[in-house]
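Given the structure is predicted, the values throughout are model-derived calculations rather than measurements. What's counted below: heavy atoms across the whole structure, side chains too, no hydrogens, waters or symmetry copies. Chain naming here is simple, since letters A, B, ... match the order of the sequence lines and numbering starts at 1 in each.
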There are 2 protein chains.
Amino acid sequence: MRRFKIPEVTVGRLSLYLRCLNELEEEGIEVVSSAELGRRCGVNPAQIRKDLAYFGEFGTRGVGYYVKELKEDIKRVMGLNKTWEVALVGVGNLGTALLRYKGFQRHGFKLSVAFDHQPEGKDVPEGCEIYHSSEMERVIKERGIKLAVITVHYSQAQDVAEKLARAGIKGILNFAPVRIHLSKGVVVRNVDMGTELEILTFYLTMKGAR
Amino acid sequence: MRRFKIPEVTVGRLSLYLRCLNELEEEGIEVVSSAELGRRCGVNPAQIRKDLAYFGEFGTRGVGYYVKELKEDIKRVMGLNKTWEVALVGVGNLGTALLRYKGFQRHGFKLSVAFDHQPEGKDVPEGCEIYHSSEMERVIKERGIKLAVITVHYSQAQDVAEKLARAGIKGILNFAPVRIHLSKGVVVRNVDMGTELEILTFYLTMKGAR
DNA sequence: TACTTTTTGTGAAAGTTACCACATAGGGGG
DNA sequence: CCCCCTATGTGGTAACTTTCACAAAAAGTA
């Protein structure tokens with residue numbers, strides 16, 4: 001198949017499959033069918049096969065998928081076969097929590113530098129260096145970092161994003177509740193916890209709860 | 001129009017429109033067309049009108065939408081015309097950060113109780129009470145809380161979710177990197193920061209960055 | 001009131017995404 | 001070596017979402 005326009009939902013599901021494959025591996029299961037994988041992660045088996053078909057043929061007919069192999073194939077497709085350095089901007093409550101979150105490391109991400117306009121006295125974990133925001137462009141360029149997380153106040157998010165783009169950042173995960181607008185060449189994803197809660201209340205209100 | 005199957009993307013956009021309308025209000029703008037609103041939040045104007053048409057007719061032909069009115073209409077549709085109490089389970093790094101996050105309040109949510117299996121010595125903000133997890137079902141039932149945020153370790157997330165469902169929770173925002181499976185009657189939304197970063201690396205890898 | 005301008009609300013078309021259903025290929029047993 | 005069984009890969013279609021395009025309605029003007 002191997003087309004070039006991959007739907008974003010497909011990419012999200014690849015990540016989901018990866019989690020599921022990790023669990024299977026931990027359980028010592030070596031082979032899995034799309035039916036079983038689908039049951040486990042709540043996705044239609046045909047959907048799984050279609051998703052994988054965008055990138056090649058990974059299964060064996062009559063058998064299924066070899067867990068270890070498929071896991072490595074998906075990791076390769078997603079660029080997760082090596083560690084990514086990540087810069088974090090805005091060492092407040094949320095920023096600090098993310099710096100301390102062990103989960104990223106497990107997924108091959110390393111939050112190696114943080115920036116704040118008041119770096120003094122900020123308690124960052126070992127292995128992470130903190131700098132004043134004015135050093136942002138220099139440090140990111142020097143290290144060749146391509147990924148950044150924005151956890152600043154929403155009034156500064158757009159400005160920070162533009163600076164990051166100038167510093168060579170290619171992917172931004174934005175936690176501030178504003179849509180960031182960059183010309184092009186930079187992928188931005190928004191995680192808006194307010195919106196998430198609002199979607200919940202919508203469905204609760206629809207169903208007449210509360 | 002007024003159909004009953006509302007697409008989730010539409011609900012997410014309603015929340016986006018709300019943010020944009022707030023900004024317009026702050027700027028003192030009283031009337032806005034779908035064209036202008038669309039330009040501001042990056043959505044096709046026809047899309048906006050279709051989204052709104054699910055719930056009624058809010059505009060005036062030849063004029064546009066009255067900012068204040070539309071804002072109130074959307075808030076009513078989404079059930080945001082009063083404050084929602086929210087329970088948070090798992091007062092670790094992320095949980096603490098969310099408890100301290102001011103943004104929720106601004107959107108009409110109140111994180112009024114938190115639970116942890118080691119509540120002693122946990123520093124929660126004023127206005128929030130912390131209890132031992134064993135009290136969860138009792139406290140949530142007594143207060144009639146319908147919304148919960150899960151920020152526990154992923155190994156406990158499913159278990160916590162089931163307990164919350166038994167306590168009468170109808171909407172769950174899950175930050176643990178596992179798909180939670182509940183029979184029905186409870187809406188679950190997952191925020192998975194690992195997946196978000198992985199989607200970024202996918203697109204970066206596709207485009208040959210790094 | 002009649003005419004013009006503007007922008008909504010919506011039917012229909014275009015574009016996407018999900019799912020079914022089956023031909024096809026691989027493995028294993030006799 | 002052949003046949004049977006199983007589960008993949010995929011063509012076709014159904015379901016859903018987005019966008020176009022225009023009739024209809026409201027407001028302003030004369």
(request) Let me know the distance between CD of B:E8 and C1' of C:dA18, rounded to the nearest Å. (result) 15 Å

(request) Mind calculating the distance between CG (A:L52) and P (C:dT17) to the nearest angstrom? (result) 17 Å

(request) Find the distance A:Y66:OH to C:dG26:C1' and express it as a whole number of Å. (result) 9 Å

(request) Find the distance A:F58:CZ to D:dT10:P and express it as a whole number of Å. (result) 11 Å

(request) Please test B:M206 against B:F202 for side-chain contact (heavy atoms from CB on, under 4.5 Å), starting from the C-alpha separation and ending with a verdict. (result) CA-CA 6 Å; B:M206 278 274 111; B:F202 172 83; 3.6 Å; yes

(request) Mind calculating the distance between CD1 (B:I6) and P (D:dT18) to the nearest angstrom? (result) 13 Å

(message) What I want to check is whether an N or O donor and acceptor connect the side chain of B:K50 with the base of D:dT19 at under 3.5 Å.
(response) yes

(request) Return the value, rounded to whole Å, for the distance between atom CG of B:D51 and atom C1' of D:dT19. (result) 12 Å

(message) Using the side-chain heavy atoms of A:P7, tell me which of these nucleotides is nearest: D:dA25, C:dG26, C:dT17.
(response) C:dT17

(request) Rounded to the nearest angstrom, tell me the gap between atom CD1 in B:I48 and atom P in C:dT8. (result) 9 Å

(request) Check whether any side-chain nitrogen or oxygen of B:R13 sits under 4.0 Å from OP1 or OP2 of D:dT18, and answer yes or no. (result) yes

(request) Would you indicate what A:S34 reaches in the nucleic acid, counting non-hydrogen atoms under 4.0 angstrom: base, sugar-phosphate, or nothing? (result) sugar-phosphate

(message) If you only use heavy atoms from C-beta on, which nucleotide in D:dA24, C:dG26, C:dA18 is closest to the side chain of A:R61?
(response) C:dG26

(request) Kindly point out which of D:dG9, C:dT10, D:dA27 is positioned nearest to the side chain of A:E57? (result) D:dG9

(message) For a 4.5 angstrom cut-off between non-hydrogen side-chain atoms, does B:S112 reach B:I145?
(response) yes

(message) Using a distance-only criterion (donor-acceptor N/O pair, under 3.5 Å, no hydrogens), is the base of D:dT8 paired with the side chain of A:R49?
(response) no

(message) Using a strict threshold of under 4.0 Å (side-chain N to carboxylate O), is an ion pair present between B:R76 and B:E72?
(response) no

(request) Rounded to the nearest angstrom, tell me the gap between atom CD in B:Q47 and atom P in C:dG9. (result) 15 Å

(message) So, OP1 or OP2 of D:dG9: does either fall under 4.0 Å of a side-chain N or O from A:Y65?
(response) yes

(message) Strictly below 4.0 Å, N to O, side chains only: are A:K163 and A:E137 in salt-bridge contact?
(response) no

(message) Going by the rule side-chain hydrogen bond (donor to acceptor under 3.5 Å, both in side chains), which residues pair with A:R49 if we only count those two or more places apart in sequence or in a different chain?
(response) A:S34

